[in-house]
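Working notes for the structure below.
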Amino acid sequence: MKSHFIRFEIFVMLLTVLFNSSDLSAAGPKREMRGVWLTTVWGIDWPSVTGSSQKVCRQQQDELKALLDRCQAANLTSVFFQVRGMADVMYESSLEPWSAFVSGKRGVSPGWDPLKFAVEECHRRGLECYAWVNPFRWSSGTDYNSVPDRRWKEQGWLLTYGKYTVFNPGLEAVRQHVVDICREIVSGYDIDGLVFDDYFYPNHIPEDSSAPDYDLWQAEAPWMTFGDWRRANVHKTVADVHALVSDLKPGLRFGISPAGIAGKKHTSAPKWGMTGCEVKGDDWQYSEIYSDPLGWLYQGTVDFISPQIYWPTTHAVAPYEPLARWWSEAANFYGRHFYASITLAPLDKRNTNSERQELLRQIGINRDSSLDGDQGTVLYSAKHLYKLASDLTKSPFALKSLTPQVRRGSSLDPVEAPTALRLKGGVLSWHGKGNAAAPVRYAVYAFPKNLPHDELVEENGDGLRACYLLGVVYGEEFRVGSPGSYSYAVTALDGFSAESEPVFLK
């Protein structure tokens, strides 16, 4: 692992500004999910070219590193890297074909492993890497014909309505296949988490005898309504994946990003004991794609929810603020976390100050709406990040942040602090204890020497103050340059982002 370096003069300048500020908290909280969706289907964010030659490989890798550099420079914490978009993959798999979106042809290897590369490059920059999986989507119109595709057709796994085809969630073999795909990723790669997006059943698939899964519903559970049976199939898949993650690598986090409106009084809120969402917009996902996020929260089968609230604060039927507050209340009610997904798409054509201020306003609402102090925002998508980056680092993301501590891990044994902290040749180094359950990270802090203890620690008891955080590293060294009048401390972070006691440089 390379040493991590920060221009110390810049850091000292930043600290000086902060220490003279009347409100240190204005620069950002210590714990916050600051994620970005990195989309690979159709090359939306990456890659711009496809193929399997060495030249294409180098260009793809350089593009990916440039995107991750932007994420690091914007003080983000996490990257949601899309590794399975159309039942095709961006990693070495024994179960599904290589993605045409990287190699140019479905089933053909690009000659390298994008997920392995992404994990390594994210960690090199102190960024978490989540594997983003579309659980059921197979095609939005293309008739794929690789060997696995032909096999799935022969097995009757595919469910089509209109141009949209998914793996049929009503089949136990399909649900197990999704679990097996997740097992392959979780066991084979040092990811920090797993995340699903909002593709489940085909939109508007009918609930009558014309439906392609009508006979299966009648054979499986005729005592349930058609809609409840479909939603139960999705619930089973989510629960099984969560159980897999918990058993295989309990330090990994699992979340889902559903559509932005859910839990209306006439859909699922009464069923799960939650106050209904009162915006005018419709909970279409409940009856059209059979997605019921309150059920996942109630059952505790996700660690976090990241609804796609892709509307401005002034929207007539789905205004941002009441939606964010309702989702925060729902996640807190069920003991889970809420990290809103917001869209940067308006910056594509209208990169105006007012558009950027609207997005900053939404980030502020996410912070203000948090009931547990563990707020967060996930930006969609990476290709637009550079248009907002300067605004982010001027205000809401001026300082580094740790990701929130996941509640599911609160009962685990405390993470062990690193030992033997030393500074030599401008490089901090230490010894840590490895952990097979999740990647081990370390938080590095710098602060003026002889600082009183009560000025060094957070008032809420959450360790050292955010304003002293230099960054997060996955190795056991961090280059800081000449220390001058500053000293250092290092803590260990487990997979749930629980932080150890600090070890101070003596």
Side-chain angles (χ1 to χ4, degrees), residues 1-16 18-19 24 28-31 72 75 77 120 122-128 190 192 251 399-405 409 412-506:
M1 179 70 69
K2 290 184 179 178
S3 299
H4 293 249
F5 175 76
I6 182 172
R7 287 285 303 279
F8 207 79
E9 313 92 278
I10 297 175
F11 173 68
V12 170
M13 217 165 38
L14 179 60
L15 283 182
T16 301
L18 288 169
F19 295 153
L24 287 173
K30 176 173 179 175
R31 292 185 179 271
Q72 181 186 26
N75 285 338
T77 63
E120 291 173 351
C122 280
H123 290 179
R124 200 182 307 279
R125 293 161 177 77
L127 296 165
E128 297 180 339
D190 289 331
D192 299 272
L399 294 178
K400 299 287 186 181
S401 177
L402 302 182
T403 49
Q405 181 176 343
L412 296 180
D413 293 335
V415 59
E416 293 188 26
T419 59
L421 181 61
R422 62 191 297 242
L423 176 60
K424 184 176 181 180
V427 177
L428 276 175
S429 62
W430 56 88
H431 297 313
K433 182 178 180 181
N435 182 0
V440 176
R441 298 163 292 152
Y442 302 92
V444 181
Y445 297 84
F447 45 87
K449 290 180 179 178
N450 304 316
L451 190 72
H453 186 267
D454 61 347
E455 295 184 23
L456 188 59
V457 298
E458 292 279 359
E459 293 181 359
N460 64 3
D462 189 17
L464 303 181
R465 298 184 73 175
C467 59
Y468 305 125
L469 179 64
L470 274 179
V472 174
V473 61
Y474 283 76
E476 295 183 357
E477 63 179 37
F478 193 102
R479 180 173 293 277
V480 294
S482 176
S485 59
Y486 288 82
S487 190
Y488 303 93
V490 177
T491 63
L493 300 165
D494 67 12
F496 295 110
S497 287
E499 190 175 24
S500 74
E501 292 295 322
V503 55
F504 292 92
L505 183 67
K506 297 180 179 179

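In this text, all values refer to a predicted model and were calculated from it rather than measured experimentally. Counting from 1, the numbers follow the sequence of the chain as shown.
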Next on the checklist: side-chain contact (heavy atoms from CB on, under 4.5 Å), that's the test. Do Y442 and V503 meet it? Break it down for me.
Outcome noted: CA-CA 11 Å; Y442 302 92; V503 55; over 6 Å; no
Item to check | Audit row: F447, L456, side-chain contact (heavy atoms from CB on, under 4.5 Å) steps and yes/no | outcome: CA-CA 8 Å; F447 45 87; L456 188 59; 3.6 Å; yes
Checklist entry - Can you list the steps and then say if L464 with L469 is a side-chain contact (heavy atoms from CB on, under 4.5 Å)? => result CA-CA 8 Å; L464 303 181; L469 179 64; over 6 Å; no
Item to check | Residues T77, S401; criterion side chain to side chain donor-acceptor pair (under 3.5 Å); working and verdict | outcome: CA-CA 7 Å; T77 63; S401 177; over 6 Å; no
Checklist entry - Please walk me through it: do E458 and R31 pass salt bridge (charged side-chain N to carboxylate O under 4.0 Å, His left out)? => result CA-CA 11 Å; E458 292 279 359; R31 292 185 179 271; over 6 Å; no
Next on the checklist: One pair to check against side-chain contact (heavy atoms from CB on, under 4.5 Å): L402 and D462. What are the steps and the verdict?
Outcome noted: CA-CA 11 Å; L402 302 182; D462 189 17; over 6 Å; no
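For the pair Y445/P502, no side-chain contact is recorded, criterion being any heavy-atom separation below 4.5 Å from C-beta on. For the pair V415/L493, no side-chain contact is recorded, criterion being any heavy-atom separation below 4.5 Å from C-beta on. Using a 4.5 Å cut-off on side-chain heavy atoms (C-beta onward), K433 and S500 make no contact. The shortest side-chain heavy-atom distance between R465 and L451 does not fall under the 4.5 Å cut-off.
The minimum heavy-atom distance between Y468 and E455, with the atom names listed, is OH-O, 3.2 Å. Contact record, V480 with Y488: CG2-OH, 3.4 Å, taken as the closest heavy-atom pair. For the pair S497 and P404, the tightest heavy-atom approach, listed with the atom from each and the gap, is CB-O, 3.4 Å. Here the closest non-hydrogen pair linking E499 and A443 is OE2-CB, 4.0 Å. Nearest approach of R441 to D494, heavy atoms of both residues: NH2-O, 2.8 Å. Nearest heavy atom pair, residue A489 against residue L421, reads CA-CD2, 4.3 Å.
Atom CD in E477 sits 12.5 Å away from atom NZ in K424 (nearest 0.5 Å).
Listed for the E476 side chain is a donor-acceptor partner under 3.5 Å among the backbone atoms of G432. Between the side chain of T491 and the main chain of E501, no donor-acceptor pair closer than 3.5 Å is present.
Ring geometry, Y474 versus H123: the interplanar angle falls under 30°, so the pair is classed parallel (tilted spans 30 to 60°).
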